[in-house]
Amino acid sequence: MNARFPAARPRRLRRTPALRRLVAETRPRPEELILPVFVKEGLDEPNPVESMPGVVQHTRDSVRKAAQEAAEAGVGALILFGIPQYKDERGSAADDPGGVLQRTLRDLDSDVGDALVVMSDLCLDEFTSHGHCGLLTPTGEVDNDATLERYASIAVAQAAAGAQVVAPSGMMDGQVAAIRAALDGAGYTQVPILSYAAKYASAFYGPFREAAEGAPRFGDRSGYQQDPANAAEALREVELDVAEGADMVMVKPGLAYLDILAKVAEACPVPVSSYQVSGEYAMVEAAAQKGWLDRERAILETITSLRRAGAAQILTYWAVEAARLLR
């Protein structure tokens, strides 16, 4: 490493597009992308999400078309979020075999289950009348241990409906162990768990709450999601989840937490995913509509940054478009 200018000229390898392609260090691939999709009970046609241009709440029919489109584009997986017509304190629709999430999982497993991985988000916020990720105590706090029983039941219902991967996102202590025990006890030993292991209490989730209709009716989620100020805590959370049986783990959000993603990817023995969340998507879309940046370049640059930081899989609302651009 002794060469100096003028003998050393790093620009030589940047001179043409072909040279840049030849020496690129990071190469995101379509099969590493995961498409989040929302299906809402009772819709007659797709409902656009105002704060996320291009994203919709799907009907059961339209989500099947979206899944087929993703499979044809070479996307590796999709993750399904369900929005029921009726909600209650316990989120009863979350594990109802006839509920919108389970019915749609059966559709998608049948339609595209051989072409891509069908994942299901496992939480209660979209299903509870109060909008929190678990059951509440009489004083309005989230009851961690009582919530684990609900998560276990939901996991089995999702696996029975055809979910090929379940993805618990509630950040309850012990959730992975409870879900693994329930799945194994019901005979679903082959169903992997993608744990939202390092999920931060982030302002970047704002548009998602419109899409999933899961905003808390009171308070916030800082009592169970991670403090954005903390990094070592993320490593502890990941270590605990892996010890409990997580097959994959996730860091969420993505761009504001690239340092966390890199630390986790370096330390973790299982695949690490990152979620390019709704606020990140909305910022790029809004700036592009104003003509303030090159939209396609920004999409690929942000995805590349997540891959470069260590994400083996990337959840992104641009999954289909990005897959086509990458090809």
Side-chain angles (χ1 to χ4, degrees), residues 36 38 79-84 87-96 99 101-102 119-137 140-159 163 165-183 191-202 204-205 208-209 211-228 230 233-234 236-238 240-253 273-275 277-278 315:
F38 306 95
I79 185 166
L80 184 65
F81 297 83
I83 307 163
K87 305 185 180 190
D88 60 24
E89 290 281 315
R90 290 182 50 80
S92 300
D95 55 348
D96 180 355
L101 184 60
Q102 274 66 251
M119 301 181 169
S120 54
D121 180 77
L122 196 168
C123 199
L124 280 168
D125 54 330
E126 296 103 304
F127 298 93
T128 53
S129 53
H130 47 73
H132 277 284
C133 296
L135 303 183
L136 300 182
T137 67
E141 295 185 37
V142 174
D143 187 328
N144 190 96
D145 294 5
T147 298
L148 297 184
E149 296 179 16
R150 293 290 295 127
Y151 285 5
S153 178
I154 295 165
V156 173
Q158 292 181 350
V165 176
V166 297
S169 59
M171 288 297 288
M172 297 296 122
D173 294 338
Q175 64 182 17
V176 173
I179 290 167
R180 185 74 273 158
L183 289 172
V191 175
I193 298 171
L194 165 57
S195 174
Y196 290 62
K199 181 179 179 181
Y200 284 85
S202 172
F204 289 102
Y205 301 150
F208 175 90
R209 289 172 182 170
E213 298 184 13
R217 297 294 182 262
F218 62 90
D220 59 28
R221 298 186 177 125
S222 298
Y224 41 102
Q225 295 177 356
Q226 284 187 248
D227 185 343
N230 293 349
E233 182 183 29
R236 184 184 183 208
E237 288 278 11
V238 168
L240 286 168
D241 281 7
V242 172
E244 290 177 16
D247 301 281
M248 306 163 68
V249 296
M250 186 194 300
V251 174
K252 181 182 180 182
S273 303
S274 185
Y275 199 140
V277 298
S278 59
L315 291 82

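All values below come from the heavy atoms of this structure, side chains included, with hydrogens, waters and symmetry mates left out. Note that this is a predicted model, so its numbers are computed, not measured.
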- [ ] Could you tell me whether R180 and D241 make a salt bridge, using a distance below 4.0 angstrom between a side-chain N and a carboxylate O?
- [x] no
Open item on the list: I'd like to know if the side chain of Q102 and the backbone of D96 have a donor-acceptor N/O pair within less than 3.5 Å.
Closed with: yes
- [ ] Output the distance between atom CD1 (I83) and atom CZ (F127), rounded to the nearest 0.5 Å.
- [x] 8.5 Å
Task: Side chain proximity check, M172 to V142, heavy atoms < 4.5 angstrom - done: yes
TODO: Determine the minimum heavy-atom distance between G170 and Y151, stating which atoms define it.
DONE: CA-OH, 3.3 Å
Open item on the list: Can you give me the closest heavy-atom contact between L136 and G140, atom names plus distance?
Closed with: CD2-O, 4.0 Å
TODO: Calculate, to the nearest 0.5 Å, the distance between atoms CG and CE belonging to L315 and M119 respectively.
DONE: 7.0 Å
Open item on the list: How close do S169 and K199 get, counting heavy atoms only, and between which atoms?
Closed with: O-NZ, 3.1 Å
Open item on the list: Between L101 and I154, is there a side-chain heavy-atom distance shorter than 4.5 Å?
Closed with: no
Task: L194 to P168 - nearest heavy-atom pair and separation - done: O-CD, 3.3 Å
TODO: Working to the nearest 0.5 Å, report the span between CG of D227 and CD of E233.
DONE: 7.0 Å
- [ ] Please name the pair of heavy atoms, one in S273 and one in M248, separated by the smallest distance, quoted to 0.1 Å.
- [x] OG-CE, 4.0 Å
Open item on the list: Keeping H130 on the side-chain end and E89 on the backbone end, is there a donor-acceptor pair under 3.5 Å?
Closed with: yes
- [ ] Go through the structure and list residues passing ring-ring contact (aromatic ring centres under 6.0 Å, His included) with F208, not counting sequence neighbours.
- [x] F38, F81
TODO: Rounded to the nearest 0.5 Å, what's the gap from CG on L124 to OG1 on T147? Could you check?
DONE: 6.5 Å
Open item on the list: Could you check whether any side-chain N or O of Q175 sits under 3.5 Å from a backbone N or O of M171, counting only pairs where one atom can act as donor and the other as acceptor?
Closed with: yes
TODO: Please test L183 against I193 for side chain to side chain contact (heavy atoms under 4.5 Å, CB included), starting from the C-alpha separation and ending with a verdict.
DONE: CA-CA 10 Å; L183 289 172; I193 298 171; 4.2 Å; yes
Task: Whether R150 side chain and G91 backbone form a donor-acceptor pair below 3.5 Å - done: yes
Open item on the list: Between Y224 and C133 (side chain of the first, backbone of the second, donor and acceptor by atom type, cut-off under 3.5 Å), is there such a pair?
Closed with: yes
Open item on the list: Using every non-hydrogen atom in the two residues, find where E126 and P84 come nearest and quote the distance to one decimal.
Closed with: O-CD, 3.3 Å
Task: Donor-acceptor contact present, side-chain D143 to main-chain L135, <3.5 Å - done: no
- [ ] Evaluate the side-chain proximity of S202 to V277: yes if any heavy-atom separation is below 4.5 Å, no if none is.
- [x] no
Task: Minimum side-chain heavy-atom gap D125-R221 below 4.5 Å - done: yes
- [ ] Would you confirm whether H132, through its side chain, and F218, through its main-chain N or O, come within 3.5 Å as a donor-acceptor pair?
- [x] yes
TODO: Tell me, please, whether Y205 has K252 positioned over its six-membered ring: NZ or CZ under 6.0 Å from the ring centre and within 45 degrees of its axis?
DONE: yes
- [ ] Report the distance from atom CZ of R236 to atom CG of N230, rounding to the nearest 0.5 Å.
- [x] 11.5 Å
Open item on the list: Assess, by modelled atom type and distance only, whether the side chains of D121 and Y196 contain a donor and an acceptor separated by less than 3.5 Å.
Closed with: yes
Open item on the list: Once ring-ring contact (aromatic ring centres under 6.0 Å, His included) is applied, do any residues pair with Y200, and if so which ones, sequence neighbours excluded?
Closed with: Y257
